[in-house]
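So the structure is just underneath, and the comments pick up after that.
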Amino acid sequence: MPLKMDNFLSFAIVNGFFIGLLLSFLKFDDPAMIVAGTLISTIGFYLITLISVSLFVRFINTHENTSKKDAYNALLEEYIDEFDKREKATNKIRGFLRTMEKTMREEEQEDLRTKPSKTERNNYADDF
C-alpha cells in the first residue's frame, strides 16, 4: 500500500519532532533550549520533507496526472448518459402519474354527476 503525500508529510513531521526532542535532551540542560531545539528540528524536518514531496510531485509524478484525465472524462460521460436515461424514465413515470390522476378526477366527476343527491334519495324512499 503506497504512502500518500499528506501521510508522508505528517509522518516526517512526527519523526522530526521525536528526533529533535531526543537530540535536545542529549545536548541541552535548560528546558527552554530543549523546547527551542525541538521546534527548530521539527520545522527543519517539515521544510525538507515539503521540498522533497513538492519536487517528487513536480518532476516524477507527472505522467500519472495526465493519464487519468482521459479516464475521468470517459467516466463523466458515462455518468451524464446514465443521468439522461434516468431523467427520461422519471419523466415517463411522471407523465403516467399525471394521466392516472386526470382519469381518476374525470371518473370522480362522472360519478358525482351520475349519483343521485341525498335529497333525491330521500324522495325515492318516500315514494315506497
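Keep in mind that this is a model prediction, so the values were computed, not measured. The basis for the numbers below is simple: all heavy atoms, side chains too, and nothing from hydrogens, waters or symmetry mates.
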According to a hydrophobic-cluster definition based on side-chain heavy atoms being under 4.5 Å apart (Ile, Leu, Val, Met, Phe, Trp, Tyr only), do [X] and [Y] belong together?
X	Y	result
Phe96	Met104	no
Val57	Phe8	yes
Leu50	Ile13	yes
Phe18	Ile34	yes

Are there more than 12 heavy atoms of other residues, nucleotides or ligands under 6.0 Å from atom [atom1] of [X]?
X	atom1	value
Asp84	CG	yes
Tyr46	OH	no
Asp81	CG	yes

Does the side chain of Leu9 reach to within under 4.5 Å of the side chain of Met5, using non-hydrogen atoms?
->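 No. Closest side-chain heavy atoms not under 4.5 Å.
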- Task: Please tell me if the side chains of Phe17 and Thr38 come closer than 4.5 Å, counting only heavy atoms from C-beta onward.
- Result: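 When only atoms from C-beta onward are counted, Thr38 and Phe17 do touch, with a gap below 4.5 Å.
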Taking side chain to side chain contact (heavy atoms under 4.5 Å, CB included) as the test, write out the residues that go with Ile43, two or more places apart.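 With sequence neighbours excluded, Ile43 shows a side chain to side chain contact (heavy atoms under 4.5 Å, CB included) to Leu47, given in chain and number order.
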Result for side chain to side chain contact (heavy atoms under 4.5 Å, CB included) between Phe25 and one of Leu21, Leu23, Leu22 points to Leu21
*asked:* Please determine whether side chain to side chain contact (heavy atoms under 4.5 Å, CB included) holds for the pair Asp111 and Glu108, giving the CA-CA distance in whole Å, both sets of side-chain angles, and the decisive distance to 0.1 Å.
replied: CA-CA 5 Å; Asp111 287 343; Glu108 287 176 359; 5.6 Å; no
Looking at [X] and [Y], what are the two nearest heavy atoms and their distance?
X	Y	answer
Met100	Thr103	O-OG1, 2.8 Å
Thr49	Ala12	OG1-CB, 3.1 Å
Gly16	Ser41	O-OG, 3.2 Å

How many angstroms lie between atom [atom1] of [X] and atom [atom2] of [Y], to the nearest 0.5 angstrom?
X	Y	atom1	atom2	answer
Arg86	Thr90	CZ	OG1	10.0 Å
Asp29	Ser24	CG	OG	11.5 Å
Tyr72	Tyr79	OH	OH	11.0 Å
Arg58	Ile51	CZ	CD1	15.5 Å
Arg105	Lys102	CZ	NZ	9.5 Å

